[in-house]
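These notes concern the structure reproduced below.
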Amino acid sequence: MKYSEKKRRMAAKILAILLIAAMVLTSGYYILMIFARNTALDCLAVYGEDALDSRDSLERLDGIEDFIDFIHTFYKDEVSYEVLVDAAYNGIVDSLGDPWSVYYVTTEESDSFVQTINQEYSGIGVTMQMDANRCLITDVNKKGPAYEAGIHPGTYITAIDGRSTQGMSLSEMSEKIRGLDGTSVTITVDDNGVESQFKVVRRKVRVATINCEMLEGNMGYISLSSFGEDTGSEFTEARLSLLNQGAEGLIIDIRDNGGGYVSTALTIADDLIDEGILSRFVHRGEDLVVYEATPDLTRKVPTVLLVNEYSASASEILAAALKDNGTAILVGNTTYGKGVAQIIQELDHNDAVKLSVYYFQTPDGNDINGVGIEPDYIVPATKYTEEEAASIKSSVVPMAEEKKYYAGQYGLNVLAAQQRLFYLGYDVQPTAKMDEKTVAAIKAFQPTFGGSPYGGLDFCTQKAICEAFEALFAADPSDPQLLKAIELLTK
């Protein structure tokens with residue numbers, strides 16, 4: 001085939017990709033659909049034509065085939081055309097400097113990426129996204145094996161089966177973590193500078209995206225772990241159910257929600273907003289699509305939206321829509337700040353590309369990417385979640401030795417006491433030595449259980465430290481962000 005014919009085919013393909021815009025994504029792990037609008041199609045077609053006007057650059061493409069042929073023929077070692085062509089495609093995508101755009105050598109890789117949304121898969125039950133070139137665990141399925149092993153959100157995956165994840169793409173890590181049901185994988189995670197290994201047996205995991213319940217005071221509560229294909233209809237049913245039960249306020253929780261289908265986020269926003277702009281999609285500095293609300297006759301109640309630093313992408317579309325339209329009060333921490341959407345397109349030779357094609361903005365036209373959305377009330381999550389509690393309890397050494405310790409002495413029980421005192425709020429370091437800070441902390445702690453404040457780590461003090469540490473996790477931890485939401489709705 002002559003190059004001019006190839007060029008025409010590629011031009012047609014570019015236009016087809018942009019015109020169809022079949023699948024739009026807003027997070028490293030979630031596929032998102034975008035509604036087709038004539039304005040979007042027209043704008044994209046124009047941009048496709050403009051891209052082909054750079055004739056000087058296109059003429060350089062004539063030499064790529066010869067360049068690959070030259071390397072294949074004269075390189076000191078044998079190298080296949082397949083390797084060189086794949087490298088060329090990868091290089092084109094890498095040159096964009098966009099962490100969300102990925103070239104998939106096979107459609108199996110892209111299919112694997114897509115299937116993580118709504119289908120069962122054999123894996124460990126974690127949701128991940130890239131954070132400054134590191135793999136951050138943003139959610140752990142409570143019914144999955146990773147949760148049972150003690151892995152919790154907010155930690156970074158540093159190695160998989162002993163191999164460092166540095167330089168790996170998100171899809172590569174996902175492929176290595178997933179596997180046949182019943183097989184095992186060893187995950188190394190970094191938790192605030194402390195590395196731990198977890199051997200996890202893979203099994204079938206089904207992602208649950210929604211949970212709802214009535215709280216005291218006639219407060220309806222709906223949590224969304226992701227924006228799945230059916231989450232929109234499930235949300236509508238959950239909201240109507242809570243309203244029929246007499247809900248006088250609604251709390252929507254999208255904390256740790258890394259994204260999902262754009263159409264689902266817009267559907268939920270449309271359920272809650274009677275009129276106004278829901279979101280803006282921007283391509284090369286211009287509005288490509290502006291989504292507007294449609295009237296909804298369902299009874300509206302005061303609403304609070306809970307967000308945090310792991311609320312990303314489609315979550316931010318919903319958060320921005322509710323905030324800018326004054327539909328809900330936002331409580332929590334500033335969101336992640338991923339305002340980029342992608343399409344996935346299959347290519348000619350069982351390969352595919354995920355390409356960033358849009359920025360999305362708030363209804364008021366404010367940028368989200370790299371900025372996030374600041375809540376109306378910033379409330380730190382100061383208490384431990386169940387996952388954090390499990391991880392902390394597994395990280396401390398047991399206090400088992402029957403020995404007393406005094407100033408200047410070393411011991412394993414000293415280290416155990418220091419670890420527990422640290423989580424109890426005392427200024428100590430894990431040195432395993434009865435240093436000045438440790439003695440001072442013990443002196444301050446001893447009166448809390450009726451002991452004499454003399455600073456020795458005796459048997460009674462050791463027992464009391466263990467009991468106080470366990471008491472941190474014995475009861476259901478309070479949720480200050482949720483408590484703030486309830487306070488706002490009951491004013």
Side-chain angles (χ1 to χ4, degrees), residues 26-30 97-100 102 112-113 116 121 123-142 144-179 184-202 205 207 225-226 254-259 307-313 315-316 332-338 340 369-370 372 380-396 419 422-423 430:
T26 65
S27 77
Y29 247 73
Y30 296 102
D98 175 27
W100 313 109
V102 179
S112 175
F113 174 85
T116 59
Y121 65 94
I124 66 174
V126 296
T127 301
M128 308 175 297
Q129 66 185 33
M130 297 304 290
D131 179 25
N133 296 320
R134 302 177 70 196
C135 179
L136 175 66
I137 297 175
T138 59
D139 189 37
V140 179
N141 190 318
K142 292 184 178 180
Y147 176 79
E148 296 168 3
I151 297 174
H152 64 87
T155 57
Y156 292 88
I157 296 178
T158 58
I160 302 171
D161 283 333
R163 180 184 169 187
S164 172
T165 56
Q166 186 174 2
M168 284 190 194
S169 67
L170 200 61
S171 59
E172 288 175 320
M173 285 182 267
S174 174
E175 185 178 359
K176 291 183 180 300
I177 289 174
R178 294 170 64 179
S184 64
V185 59
T186 300
I187 305 297
T188 304
V189 301
D190 179 349
D191 185 1
N192 293 319
V194 179
E195 281 200 342
S196 303
Q197 282 191 345
F198 299 88
K199 186 174 182 179
V200 188
V201 178
R202 302 178 180 98
V205 178
V207 177
S225 61
S226 69
I254 56 171
R255 291 174 295 180
D256 301 323
N257 185 328
V307 297
N308 67 3
E309 61 271 29
Y310 304 122
S311 303
S313 302
S315 288
E316 294 173 291
N333 298 319
T334 300
T335 61
Y336 182 83
K338 181 184 180 295
V340 183
N369 200 50
T382 56
K383 299 297 182 182
Y384 300 118
T385 65
E386 291 181 8
E387 294 86 351
E388 290 170 336
S391 177
I392 290 170
K393 291 167 79 171
S394 66
S395 69
V396 298
Q419 290 176 319
F422 172 80
Y423 286 109

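Computed from a predicted structure; not experimentally measured. Note that the numbering runs from 1 along the sequence shown for the chain.
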Specify the closest pair of heavy atoms between [X] and [Y], including all atoms of both residues, with the distance to one decimal.
| X | Y | answer |
| --- | --- | --- |
| S315 | N257 | OG-O, 2.9 Å |
| G154 | Y310 | CA-OH, 3.6 Å |
| K338 | E316 | N-OE1, 3.0 Å |
| A146 | G125 | CB-O, 4.5 Å |
| Y147 | N141 | CB-O, 3.3 Å |
| S171 | V102 | OG-CG1, 4.2 Å |

Roughly how far apart are [X] [atom1] and [Y] [atom2], rounded to 0.5 Å?
| X | Y | atom1 | atom2 | value |
| --- | --- | --- | --- | --- |
| D191 | S391 | CG | OG | 4.5 Å |
| T188 | E195 | OG1 | CD | 6.5 Å |
| S169 | W100 | OG | CH2 | 12.5 Å |

Side-chain touch [X]/[Y], heavy atoms, less than 4.5 angstrom:
| X | Y | value |
| --- | --- | --- |
| R178 | I124 | no |
| I177 | M128 | yes |
| Y423 | I392 | yes |
| P145 | V200 | yes |
| D161 | V185 | yes |

### S394: side chain to side chain contact (heavy atoms under 4.5 Å, CB included) partners, not counting sequence neighbours
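Partners of S394 by the side chain to side chain contact (heavy atoms under 4.5 Å, CB included) criterion come out as none, since no residue qualifies.
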
### Query
What residues, two or more places apart in sequence or in another chain, satisfy side chain to side chain contact (heavy atoms under 4.5 Å, CB included) together with T165?
I157, I160, M168, M173

### Query
Taking only residues two or more places apart in sequence, or in another chain, which ones meet E172 in a salt bridge (Lys or Arg N to Asp or Glu O under 4.0 Å)?
none

### Query
Can a donor-acceptor pair be found between the side chains of E309 and T334 at a distance below 3.5 Å?
no

### Task
Go through the structure and list residues passing side-chain hydrogen bond (donor to acceptor under 3.5 Å, both in side chains) with N308, not counting sequence neighbours.
D256, S311

### Query
In chain order, what residues pass the side-chain hydrogen bond (donor to acceptor under 3.5 Å, both in side chains) check against Q419, with sequence neighbours excluded?
none

Expected list for residues 130-138: side-chain donor-acceptor pairs under 3.5 angstrom, two or more places apart:
residue, atom, partner, partner atom, Å
D131, OD2, Y156, OH, 2.7
R134, NH2, D190, OD2, 3.0
T138, OG1, T127, O, 3.3

### Query
Taking everything shown except F422 itself, do over 12 heavy atoms lie less than 6.0 Å from its CZ?
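For F422, atom CZ is not crowded (no more than 12 foreign heavy atoms under 6.0 Å).
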
